[in-house]
Structures are given as structure tokens and as C-alpha cells.
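Let me begin by presenting the structure, written as C-alpha cells, before commenting on it.
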Number of protein chains: 14
Amino acid sequence: MDMITLIAIASIVTAGLTIAIGGIAPALGEGKAVATALSALAQQPDAAATITRTLFVGLAMIESIAIYCFVVAMILLFANPFWNHAIAAASGG
Amino acid sequence: MDMITLIAIASIVTAGLTIAIGGIAPALGEGKAVATALSALAQQPDAAATITRTLFVGLAMIESIAIYCFVVAMILLFANPFWNHAIAAASGG
Amino acid sequence: MDMITLIAIASIVTAGLTIAIGGIAPALGEGKAVATALSALAQQPDAAATITRTLFVGLAMIESIAIYCFVVAMILLFANPFWNHAIAAASGG
Amino acid sequence: MDMITLIAIASIVTAGLTIAIGGIAPALGEGKAVATALSALAQQPDAAATITRTLFVGLAMIESIAIYCFVVAMILLFANPFWNHAIAAASGG
Amino acid sequence: MDMITLIAIASIVTAGLTIAIGGIAPALGEGKAVATALSALAQQPDAAATITRTLFVGLAMIESIAIYCFVVAMILLFANPFWNHAIAAASGG
Amino acid sequence: MDMITLIAIASIVTAGLTIAIGGIAPALGEGKAVATALSALAQQPDAAATITRTLFVGLAMIESIAIYCFVVAMILLFANPFWNHAIAAASGG
Amino acid sequence: MDMITLIAIASIVTAGLTIAIGGIAPALGEGKAVATALSALAQQPDAAATITRTLFVGLAMIESIAIYCFVVAMILLFANPFWNHAIAAASGG
Amino acid sequence: MDMITLIAIASIVTAGLTIAIGGIAPALGEGKAVATALSALAQQPDAAATITRTLFVGLAMIESIAIYCFVVAMILLFANPFWNHAIAAASGG
Amino acid sequence: MDMITLIAIASIVTAGLTIAIGGIAPALGEGKAVATALSALAQQPDAAATITRTLFVGLAMIESIAIYCFVVAMILLFANPFWNHAIAAASGG
Amino acid sequence: MDMITLIAIASIVTAGLTIAIGGIAPALGEGKAVATALSALAQQPDAAATITRTLFVGLAMIESIAIYCFVVAMILLFANPFWNHAIAAASGG
Amino acid sequence: MDMITLIAIASIVTAGLTIAIGGIAPALGEGKAVATALSALAQQPDAAATITRTLFVGLAMIESIAIYCFVVAMILLFANPFWNHAIAAASGG
Amino acid sequence: MDMITLIAIASIVTAGLTIAIGGIAPALGEGKAVATALSALAQQPDAAATITRTLFVGLAMIESIAIYCFVVAMILLFANPFWNHAIAAASGG
Amino acid sequence: MDMITLIAIASIVTAGLTIAIGGIAPALGEGKAVATALSALAQQPDAAATITRTLFVGLAMIESIAIYCFVVAMILLFANPFWNHAIAAASGG
Amino acid sequence: MDMITLIAIASIVTAGLTIAIGGIAPALGEGKAVATALSALAQQPDAAATITRTLFVGLAMIESIAIYCFVVAMILLFANPFWNHAIAAASGG
């Protein structure tokens, strides 16, 4: 097994697992937030504007964590510094 | 085991696990959101419009996390940069 | 172990696990949604139309995640690009 | 260990695990749905028709996930493309 | 270790685990359904006919998942296509 | 390690684990059902006949899953087709 | 490691684990049933006869699952068909 | 590693784990039963005789499962048929 | 690694784990029983005598399971039949 | 496997897992905080200003933990001191 | 690796794990008991004497399980019969 | 694998895991604390000053645990005494 | 790997894990006890003296379990009998 | 792998894991304590002084467990007796 193969495999597996595992908690957290928002709307329809605005700010912050994971996964797939180094070393070696 | 085989295996396994694991939390979160929406509808039928709209926005955000995983799985199967490199190296080598 | 065997094994195992693991959460989520719908129906029979419609939209979105997994499993079994490449390489090699 | 043996073993193990693991969540989800239906019936006997109909639609959708797993298990046992290829290769090789 | 031994071992272990693991959820689900039915009966004895009928339909659907697993286990023990192939190959080889 | 030893070991371990793991859920489910029956009896003593009858039907269905596991364990110990084949092969070989 | 040693080890380990794991759920289930019975007795002392009778029937059914495991453990220790075969083979070999 | 050593090790480890794991559930179940008995006594002091009697019968049945595990552990330590066979074989061999 | 060392290691590890794992459940069960006793005392101070007596009987039975584990651990450390045999064999060998 | 490859692989895998695992708890914690904020808003709309301000301070502190993980992941990918040392050693060696 | 080293390592690891794992449950159980005692004191200050006395008896029994583990750990570190034997054998050998 | 590589890998992996695992509990604890603070604010708006001050003190103490982990991770990456020793030994060796 | 290295490694790893794992439960138990004390204080401020005294006694007993683990960890690091023996053997050997 | 490398790796990994794992429970316990304090403040603002004082004493005791772990981690990194011995042995050897 040469260097390129190993780095490629590690990148593939890590990219997949990063977004898969990293997406668990945001999805659960957003589900919980949305669910509570719906209960709150049902309980106090007059506060719909405040509730909706707070909900969207909260969803954005939670979604940001999923975005971090997606960014790392994309970096590993398409802008991987170690892969670039290995390719350069292989072609120049 | 040559390079191509290993990358192929890693891609196959990772693609499957990514969508399988990554789909757990969105499905649970959506189930929770839908369930609360139904409770809220039963409790406050007059607010059906607001509840439904908020529910759909929330579902869309949660579904987006599952989409991320599906996109990564599809990239690994059909637009895998490491696989393309390996194929090119194998045919040109 | 030659290349074809390994790819075949990885595809078989991954296909099975993808649909098995990926189906856990949708089934639980749908069970939760259906259960809440039934409670809501018992609590507010007059809102049956709205509840049922919302339930079906929700079930469709949750089911879509199980469908993603089923699609990936079917792709791995019957339209596997890595397998096709390996077969082509083996027959043409 | 030759190719055929390995593919056979992988198919056997995967078929069993697919239906075993894949059946966990549908059974739990259906149990939950049925349980709630019974509570709802006890609470609101007049809505029995609506509750029962909604229950059956829900059970059908949850059962479909178990069916997916059963289908994949049966494909792996009796219509396995990789096994067919291996048999053909072995007999024709 | 020859081919027959390995296939036999895989079949034995998989058959046992399939029914053991696959029976967990149906048993829990049925226990939950029966428990709720008993509560419902105690709460609304007049609806006993509807409750009992719905319970039996639900138990049948849940039991079907355990049956799937039992069928796969029996297929693996007594109608195993891979084992038959191996026996044929061994006796004819 | 010859073939017979391996099959014997696999059969022993699988038989034990099948009944051990497979008995977890039925015991829990039955415990839950019995517990609810006792609560129901305390709550509605007049419905004792209906409750008891429904309880026994439910216990029978849950117990059937434990029976499946016991049957598979007994088959593995005393009517194991793979063991019989191995014995026949060893004595006739 | 000869055949007899391996079978002996497998039998020892499996016998112990079978009764250890297999006894978890019955003990928990019986604890739950007894606990509910005590609550029911405290709530409805007049129904003591019915409650006690139902409790004992339920305990008997739950205990039966522990008995299955104990039987399998005892068979593995004292009436093990594979061990008997191995002893016979060793003494007659 | 000769036969006697291996059997001795397996017996030691299994004996310890059997009583350790097998004692988890009875202790929890008895704790639950005793706890409920105390609540019931506080709630209905007049039914102390019935509650205490039912408690002791229940504790005896739950304790019996721990006894099974203790018996198996003692058999493995002091009346182990496989060990006796190995000693006999070693001394007579 | 000679026989004595292996048996000594197995005994050490098993003795420690037996009391460590085996003490988990009794401690939890006793904590639960004591906690409920305190609640019961606060709720019904007049029944203190009955509650205390029942508590001590229950604690004794739960503690007995921890004692079993302690006994097995002590046997493994100080009255280990396999170790005695090995010492005798080593000194007499 | 030379030094550079191993460090690259360790960095890739660790970077992905750090953000994936490290993002679980912040997402859950934020989901919980947002959900409670929405409930509090529905319960006491007059305190919206205080609630929103406290919520944002809390979210910022929780998000900081996810930022720590993201920082470590980025350091591992783009400012890895060990990688820099290895590159320098490799080019200068 | 000679005999003394292995026994020393096993003793070190086991001693640490025994007290670490064995202390989990007593700490949790005592926490639960103390917590309930505080609730009971707040609810019924007049019964403080009885509650405190029962609490201390209970804590003593729960603590005894942690003491068992501590004793075993100390025996393994400072009065280890297997270590003593090994030292004697090594010095006299 | 030389000494430097191994220490580098261990430092990378440990640094990532330390902050990832060590951040789980603080994030959950802070989420819980913030959530309760919001509930308390909604319930008793007049005590906002006391609640907010206590909240910030509590958050600071919980955050300190995450800081410990971050400090250890940074020490491992940028002030690692073992790495410094290895570099010195390598350059001076 | 010589004897000293192995004992050192085992001591390091065990010391860290002992205090890390052994501190989990006391921290949780103390958190629970403190939390209940605060609720009790809010509910019955007049009993503050009794509550606080009981709390401190309880915390002391729970803390003692963490102290046991800390003592064992310190013994392993600074007064390790096996390490002392190994050093003596190495220097005198 | 020489002695120094192994001890360094063990120290690095153990130091990180000790503070990471050892910080889980204190953070959770403190979160729980702070949360309850906030509820208690909202419920009984007049007892703020007592509640706050008790809270800080409790937090200090819980934090002490995290401090133990931090101390052990720092000892392993900067005052490791085994590392010092190894360095001395290496330089003097």
C-alpha cells in the first residue's frame, strides 16, 4: 500500500463519517427546537412573531455546527492539503 | 490488494454508512417535529396555518442534513476524486 | 483474494447494512408520528382532515430518508460503478 | 478461501443480519402505533373508524420498511448478482 | 478450513443470531401493545370488542416481523442455497 | 482444527447465545404485560375475565418468540443438519 | 489445541454466559411484575385473590424463560452431544 | 498451552463472570420489588400481611435466578466435568 | 508463558472484575430501596417499624448477591482449586 | 509506511472526528436551550427581552465549545506542527 | 515477558479497575439515598431522627460494597498471593 | 516507525479526542443550566438579577472544565514535553 | 520490551483511568445530592440546618469513594510495590 | 520501539483521556446543581443567600473531582516519575 492510497482511503472514510456523525446532533437539536416552537405556537398564538424569530436564530446557530462538519468533509474531499502534497510528491518524485 | 480495489471498497462502505448513519437523526427529528405538530393542531386548530408553515420550514432545515449525507454518498459513488485519480493513474501508468 | 471478490463482499455487506441501519430511524419516527396522530384524532376528532393531511406529508418526508437508503442499497447491488469497472477490467485484462 | 466461499459467507451473514436488525425498528414502531391506537379507542370510541383507518395506513408505511429489508435479504439469498457472477465465472473459468 | 466448513459455521451462527436478535423488537412491541390493551380494557370495558380486534390485527402485523426472521433462520438451516451448491460441488468435484 | 470441531464449537456457542439473547425481550415483554394486567385488575376488578383472557392470549404470542429461539437452539444441539453431514463425511471419508 | 479441549472450553464459556445473560431479563421482568402486584394490592386490597393468582401465573411464564436457559446450560455441561462424540472419537480413535 | 491450563482458565473466568453478570438483574429486580413494597406499606398499612407475604414469594423467585448462576459458578469451580476428564486424561495419559 | 502464570493472571483479573461488576447492581438496588424507605417514612411515620423491618430483610437479600460475588472472588484468590492443582503439579512435576 | 503518510492519516482522521464528535453536545445543548426559550416566551411574553438576551449569551458560551473543536480541526489540517516538522525533515533529509 | 512482569501488570490493571468500576454504583446509590433523605426531611421535618438513622444504616450497607472492592484492590497490591508465590519462585529458582 | 512519528501520531489523536470528548459534558451541562435559567426567568421575572448572576457563575465553573481540556490539547500540540525531548534527541543523536 | 517499561506503561494507564472512571459516579452522585438539597431548601427553608448537615455528611461519604480511587492512583504513581521491585531487580540484576 | 517512546505515548494518551473522561461527570453534575439552584431561586427568592452558599460549597466539592483528574494529567505530562526514570536510565545507560 503506497502513500497515496492510504491517504485517499483515510480521506474517504473520514469525510463520510464526519458528516454522518456530525449531523446527528444538529438534526436532533433542530427537531427538538421545532417541536417546542410548535407547542409554543399552539399555546400562545399571539407571540408567533417573537417565537418564529427566536426559532430561526436558534436553528441558524444549530445548523452552523452541521455546516462545520460539511465544510470539513468537503475540504477532505476536494481541498485536502495532505492529498495535494502526496500528489505533488508522487508526480515530482 | 492494489490501490484501486482498496479505494473502491472504502468508497462503497463509506457511501452506505454515510447515508445510513446520517439518516438516523433527521428521521427521528422529523418524526418528533411532525408529532408535535399534530398535537399542536389538535390543541389549537385555529392556528393551523402558522403551525403548518413553521413545520414545513423546520422539516426543510432538518431534511437538509440528510441531504448533505446523501450528497456525500453520491459524490463518493459517482464523482469520487480519489477514484478518478486512481483510474487515471492506472490507465496512464 | 482478488479484486472482484473483495468488491463483491463489500457491496453485499454494505447494501444489507445500509437498509437495515438506515431503516431504524424512519420506522421509529413514523411510529411516533402515527401514534401522535391517533392521540390527536382521539382528542380532537373535528380536525381529522387537517391532522391526516399533515400526517401524510410528514410520513412522506420521513419515508424519503428510508428511500435514500434503499436507493443506495439497490445501486450497490445492481448499478455499482466500482463493480462494473472491476468486471470490465477483469474481462478486458 | 476461494472467491465463491467468501461471497457465500458474506451473503449468508448479511441476509440474516439485514432482516434481524432491520426488523427492530418497525416492530417497535408498530407496537407503539398499535398501543396508541388502543388508548385512543378507549378514550374516544366514537372515532373508531377514523382511528382504525389511520392506524392501518400508518402500519402499512412502517411495515414497508421491514419489507425493504426482507426484500434485500431475499435478493441476497436467491437472486444475488455477485453470486451469479461468481458461479458463472467458476463454471466457465 | 475448507469451503463447506466455513459455510456451515456461517449458517449456524447467522441462523441463531437472526432469530435471537430479530425476536427482540417484536417481543417488546407485543408486550407494549398487550399492556396498552389491558389498560384500555380497564378504562373502557364497553369497547372490549373493538379493542380486542384491533389488538389482534396489530399483534399479527408485529408477529409477522418475527416470522420473517424465523423464515430466514429456517432457510439458512434447511434450504440454504449456498450450502446446497457447496455440497453439490464437493460431491461432484 | 478440523471441520467437526469447528462446527461443534459454533453450534454450542450459537445455541447458548440464541436462547440467552432471544429470551431477553420475551421476558421483559411478559413482565410488562403481567404488570399492566395487575394494574388493570386493581383498577377495574369487574373486568377480570376479559383482562385475564386477553392477557393469556398476549402472553402466548410473546412466549412464541421465546419458543422459536428455544427450537432453534434445540435444533442446533440435537438435529443439526451441518453436524450430521460432517459426521457422515467423517465416518464415510 | 486438540478437539476435546476446544469443545470443553466452548461448552464452559457458553454454559456460564447462557444462564448469566439469559437470567437478566426474567429477573427484571419478575421484579417489575412483583412490584406492580404490590402496588395493586395496596390500591385494591379486596382483589387480592385475583391479583395473586394472576401474578403467579405470570411469574411462572416468565420463570420458564430462565428455565430454558438453565436447561441449555445444564445440557452443555452434563449431556453435551458434541462432547460425547468427541470423547467417543478420542477413546476409539 | 496445554489442555489443562486452558480449561482451568476458561473455568475461572466463566465462573467469575457468571455470578457477576448473573447477579445484576436479580439485585435490580429485588431492589425494585422491595422499594415498591415499602411504598405500598406506606400507602396501605392495613394490608401489611398480604404485601409482605407476596413480597417474600416474589423475592424468592427472583433470588432463584441468582441461585442458578451461583450453582453454575460453583459447578465450574468444584465439580467441573471437563476438568475432571482432563485431570483423568493427564494422569492416565 | 507457563501454566502457573496464566492461571494466576486469570485468577487476578477475574477476582477483581467479579466483585467490581457484581457489586454494581446490589449497590444500585440498595440505594433504591433505602431511598424508597426514606420516602415512605416521610409519608407515613406511623408505620416506621414495619417499613424498617421490611427494609432490612430486603437489604439482606440484596446484599446476599454481593456476598456471592465476594465469596467467589475470595475463593479465586485464596482457595483456588485450579491454582492448587497447578502448584502441586509444578512442585511434583 | 513512511512517517509523512502516517502523520497525514492521523491528522485527517482526527480532524474529522474532532469536529464530528465535538459538535454533538453543543448542538444538543443549543437545541435544548432554544427549546426552553421558546417555551418561556410562550409562557411569559412580557419577559421577551430578558429571555432573548440570556439565551444569546448562553448560546454563545455553548457555541464556544464547538469553536474549540473547529479550531483544533483546522489546526490539524492547515497549521499542524507535526506535519510541518515532518515536511521539513523530509525535504531537508 | 517473564512470569513476574505479567503478574505485576495484571495486578496493577485489575487493582485500578476494581476500585474504579466497583465505586460507580455505590456512589450513585448513595447519591440517590442522600437525595431522597433530603427530600424527606423537607417534607416531614418532624421525622428527622428516624430518617437520619435509617439513612446512615443504608449508607453503611451501600458503602460496604465499595469497601469490598477497595479490599480486593489492596489485597492485589500489597498481599497478592500469586505475586508472593512468583517472587518466592524467582528468588528460589 | 521511528520514535518521532509515533509520538506525533499519539499527540495528534489525543489532542483531538481530548477536546472532542471533553467538550461533550460541559456543552450539555451549560445547555441544561441555560435552559433552566430561561424557565426560571419566565416563572419569576422579578428575580432576574439573582438568576442571571448565579447562571454566569455556574457557566464559568462548567466552562472551566472545557478549558482544562482545551489547555491539555494545546499543550499536546504546541508545548509537548515528550515531543520536545524527541526532537532534541533526534537532532542531537 | 523489558519488564520495567511494561510495568511503567501499565501503571501510567491504570492510574489515569482509575481516577477518570472512578470519578464519574461520585461527581454525578454529588450533583444529584446538591441539587436535591437546593430543592429542599427552597421548599422548606426552616429546616436549613438539618438539611445542610445531612448534605455534608452525605457528600463526605460519596467523596470518600473518589478518594479511594485517588489514593489507588497515587499509590500506582508514587508508591508502586511492583515498580519498586522491578527497579530493585534491575539495579541489582 | 524503545522504552522511552512507549512511555511517552502512554503518558500522552493517558493524560488526554484522563482529563477528557474525568471531566464528563463533574460538568454534568455541576450543570444539574446550577440548574436546580436556578429553579430554587425562582421558587423561593427569599432563601437566595442560603441557596447560593450551599450551591457554591457543592460546586467546590464536585469541581474537586475534576481537579483530581487535572492534577493526574499534569503529573503525567510534567512530573512523570516513570519518564524521569527512563530519561535517567537512557542518559546514564
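A quick note: this is a predicted structure, and the numbers were derived from the prediction, not measured. Residue numbers start from 1 in every chain, and the chains themselves are labelled A, B, ... in the order their sequence lines are given, proteins ahead of strands.
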Practice prompt. For residues H:Phe82 and G:Leu76, report the shortest heavy-atom separation together with the two atoms involved.
Written response: CZ-O, 3.5 Å
With a cut-off of 3.5 Å and sequence neighbours excluded, list every side-chain donor-acceptor pair involving residues 15-40 of chain G.
{"unit_1": "G:Thr18", "atom_1": "OG1", "unit_2": "G:Thr14", "atom_2": "O", "d": "2.6"}
{"unit_1": "G:Thr36", "atom_1": "OG1", "unit_2": "G:Lys32", "atom_2": "O", "d": "2.6"}
{"unit_1": "G:Ser39", "atom_1": "OG", "unit_2": "G:Ala35", "atom_2": "O", "d": "3.3"}

Worksheet item: Tell me, side chain or backbone of H:Asn80 under 4.5 Å from chain G's heavy atoms, or both, or neither?
Response: side chain
Worksheet item: Which one of H:Cys69, H:Ala47, H:Ala66 has the most heavy-atom pairs closer than 4.5 Å to chain G?
Response: H:Cys69
Worksheet item: Can you find a heavy atom in the side chain of H:Ile65 that is under 4.5 Å from one in the side chain of G:Phe70?
Response: no
Worksheet item: Is any side-chain heavy atom of G:Phe56 less than 4.5 Å from a side-chain heavy atom of H:Val57?
Response: yes
How long is the straight-line distance from [atom2] of [Y] back to [atom1] of [X], given to the nearest 0.5 Å?
{"X": "G:Leu41", "Y": "H:Leu41", "atom1": "CG", "atom2": "CG", "answer": "11.0 Å"}
{"X": "H:Gln44", "Y": "G:Gln43", "atom1": "CD", "atom2": "CD", "answer": "9.5 Å"}
{"X": "G:Glu63", "Y": "H:Tyr68", "atom1": "CD", "atom2": "OH", "answer": "4.5 Å"}

Worksheet item: Relative to chain H, which segment of G:Ile7 carries a heavy atom at a distance below 4.5 Å: side chain, backbone, both, or neither?
Response: neither
